[in-house]
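Model, not experiment: these values are computed from the prediction. Because only heavy atoms are used, hydrogens play no part in the values below, and waters and symmetry mates are left out as well, while side chains stay in. Just so it is clear: chains get the letters A, B, ... in the order the sequence lines come, proteins before strands, and each one is counted from 1.
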Amino acid sequence: MVAIKAPRGVRDILPDESWKWAYVLEVASEVADLFGYREVYLPIFEDTALFARGIGDTTDVVEKEMYTFTDRSGRSLTLRPEATASMVRCYLEHGMQRERQPAKLWCSGPMFRYERPQKGRYRQFWQLDFEAIGVQDPMVDVETVALSLELFRRLGLSNLEVMVNSVGCPRCRPTYREKLKAYLAPHLDELCDSCRARFERNPLRTLDCKEEGCIEITQGAPDVVEHLCEECRSHFDQFLNGLEAIRASYRLNKRLVRGLDYYTKTAFEVTSGKLGAQNAVCGGGRYDHLAEAIGGPFTPGVGFAAGIERVILSMEEEGASFGERPSIDAFVVTAEASARPKAVSFLHELRRNGLRCDMDYAGKGMRGQLKAASSSGARFACILGSEELSRGAVAVKDLSSGEQREFPLERAAEMLKTILQGQAGG
RNA sequence: GUGGACGUAGCUCAACUGGUCAGAGCACUGGACUGUGGCUCCAGGGGCUGGGGGUUCAAGUCCCCUCGUCCACCCCA
């Protein structure tokens with residue numbers, strides 16, 4: 001038993017799993033390239049005010065889920081709960097408005113939220129984050145959705161549902177908000193506790209409630225989409241037309257209200273039918289006033305984040321491929337311990353030729369070394385025996401067929417490389 | 001933060017109503033096979049039964065606390 005264990009809600013990604021992560025990140029990187037998104041590496045902690053102002057201080061994330069601490073100089077810092085605010089901060093800080101717009105950026109990395117852990121929900125979790133900052137064109141919203149769908153398509157996810165909605169803007173939302181409140185007011189005592197609390201602070205969120213009673217009440221509530229201002233209405237129509245144009249199947253979900261304050265106009269979420277309660281595999285939308293909230297000039301933007309843990313869980317549930325699991329080409333074996341220096345130099349030679357290989361360092365006998373070769377998954381065992389060495393040769397055994405041949409020691413690396421490349425090529 | 005289930009070797013799990021119950025399989029190590037793996041057989045290492053307290057002649061088994069996991073709520077990725 002180890003004395004100190006990993007804190008609650010965080011976990012180690014072990015080798016049996018890490019190669020799957022590498023695959024997802026590789027595919028994400030390819031798709032980013034394909035869509036013209038450039039990668040950035042952002043800090044994992046930021047000034048607390050960035051999130052408090054950017055995300056909104058009445059949101060659950062800011063109110064009760066942040067890992068906030070004071071550093072030695074007394075500054076309040078917070079482990080990022082999401083990446084969008086950081087991305088916009090990065091854009092503003094580096095004056096990217098001077099470049100061609102929109103700035104299309106992506107990043108990946110861990111996010112932190114203090115929540116009760118659950119399947120697909122951790123306190124440290126990884127996201128892929130894609131943001132297009134600087135323009136209001138609804139076609140960018142379409143491209144954002146298209147990017148997420150292409151990413152999931154390449155990852156082999158099929159059991160997905162895309163939900164879209166528009167949450168309006170600071171011009172039309174207040175009007176709608178009042179209409180909604182007026183509608184809800186007479187039913188106030190029938191709503192659940194949390195919805196009563198939402199009524200004042202964020203009435204739109206009552207639409208998102210899963211309580212039977214609340215769902216029933218909100219059934220007849222005024223419709224967000226019906227109350228959009230002309231600009232939002234037009235934006236939403238163009239967005240939906242764009243989705244039709246790329247033949248994306250989506251579902252209009254009038255109850256889709258994102259939990260972060262900065263969303264305007266487009267909101268969307270992709271859910272996986274293969275997950276449990278935490279089934280959102282990606283979520284995002286437009287945030288035209290986020291930059292202003294954090295002290296910058298008006299800077300529209302749209303983007304989304306995908307949860308890597310959930311993507312991988314869904315892929316496993318759907319039996320999707322993670323590409324080829326890394327393995328070894330050759331395992332070097334010595335018959336006598338005296339040949340070990342020779343083995344080390346041979347191993348080095350193989351590696352210089354690009355062959356993935358290994359040898360035993362645990363002092364096993366020849367039999368044990370071959371067992372190790374076998375369980376390592378190596379294609380070949382290269383056996384350095386005194387007889388072979390005396391003729392300047394190495395015995396190369398194909399571990400799947402059992403066939404064994406002798407190669408001249410100084411040409412073995414090259415010959416093995418040729419054999420392996422020949423197979424890779426066809 | 002709320003509710004429920006659970007916590008025995010690295011992993012998957014046994015141990016009737018508290019009484020040789022601390023075990024098996026897999027994995028690991030070694031051997032049968034003194035220079036040839038995968039199969040088989042044999043042997044071995046490894047657990048203060050998550051931690052702490054209590055009840056009892058006796059607790060893995062009952063009670064309390066705590067930590068953690070899982071599921072759901074909440075919320076979201």
Side-chain angles (χ1 to χ4, degrees), chain A residues 1-11 14 16 55 59-65 80-84 108-130 148 192-195 197-198 202 205 208-211 256-260 267 269-272 275-284 303-314 331 333-337 339 360 362-389 395-404:
Chain A
M1 288 294 142
V2 279
I4 298 176
K5 294 193 254 183
R8 180 166 205 196
V10 306
R11 63 198 196 109
L14 301 177
D16 274 349
I55 298 174
T59 58
D60 282 3
V61 169
V62 172
E63 271 187 338
K64 50 191 193 192
E65 296 175 1
R80 63 180 181 193
E82 58 113 39
T84 307
S108 67
M111 307 295 156
F112 306 84
R113 289 185 201 172
Y114 187 89
E115 290 186 278
R116 195 81 169 254
Q118 204 177 318
K119 188 182 191 71
R121 187 170 78 184
Y122 307 95
R123 289 185 170 180
Q124 174 176 339
F125 59 99
W126 286 62
Q127 284 187 339
L128 296 169
D129 190 71
F130 295 83
S148 74
C192 72
D193 292 348
S194 47
C195 279
R198 288 167 180 148
N202 199 345
R205 297 265 295 284
D208 207 18
C209 187
K210 276 125 198 155
E211 287 289 327
L256 177 66
V257 180
R258 320 248 61 238
L260 312 180
E269 193 167 300
V270 180
T271 57
S272 166
L275 295 178
Q278 309 304 324
N279 64 352
V281 92
C282 100
F304 74 91
I308 299 185
E309 287 87 350
R310 292 184 188 178
V311 167
I312 289 174
L313 278 171
S314 305
F331 200 94
V333 170
T334 55
E336 274 110 40
D360 170 65
K364 288 179 196 290
M366 185 173 175
R367 185 175 190 76
Q369 290 178 55
L370 274 154
K371 277 193 178 194
S374 200
S375 69
S376 77
R379 171 71 193 284
F380 297 106
C382 298
I383 305 165
L384 298 172
S386 48
E387 286 172 29
E388 288 85 352
L389 286 173
V396 174
K397 180 167 189 170
D398 183 319
L399 289 169
S400 49
S401 67
E403 202 180 319
Q404 186 167 321

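If you take CG of A:Asp360 and C1' of B:rU29, they are 12 Å apart, rounded to a whole angstrom. The separation between A:Lys119 atom NZ and B:rA5 atom P is 20 Å, rounded to whole Å.
Below the 3.5 angstrom threshold, one finds a donor paired with an acceptor across the side chain of A:Arg121 and the base of B:rC74. A donor and an acceptor atom never sit less than 3.5 Å apart when one is taken from the side chain of A:Ser400 and the other from the base of B:rG38. A donor-acceptor contact under 3.5 angstrom links the side-chain atoms of A:Arg116 to the base of B:rU2. Interface remark: the A:Gln369 side chain does not form any donor-acceptor pair with the B:rU36 base, using a distance-only criterion of under 3.5 Å.
The pairing partner recorded for B:rA58 is none, the criterion being a Watson-Crick or G-U wobble arrangement whose two distances lie under 3.5 angstrom. Look at B:rU40: its Watson-Crick or wobble partner, with both distances under 3.5 angstrom, is B:rA32. Across all strands shown, B:rA24 forms a Watson-Crick or G-U wobble pair with B:rU12, both key distances being under 3.5 Å. Partner assigned to B:rC73 is B:rG1, using Watson-Crick or G-U wobble distances below 3.5 angstrom.
B:rA77 has no base stacking with the ring of A:Trp126 when judged by centroids under 5.5 angstrom apart and an interplanar angle below 30°.
Using a 4.0 Å heavy-atom criterion, one finds that A:Gly363 contacts no nucleic acid atom at all. Within 4.0 Å (heavy atoms only), A:Ser375 reaches no atom of the nucleic acid at all. Backbone-only contact: A:Ala305 has heavy atoms under 4.0 Å from sugar-phosphate atoms and none from a base.
The phosphate of B:rG30 (OP1 or OP2) has a side-chain N or O of A:Lys364 nearer than 4.0 angstrom.
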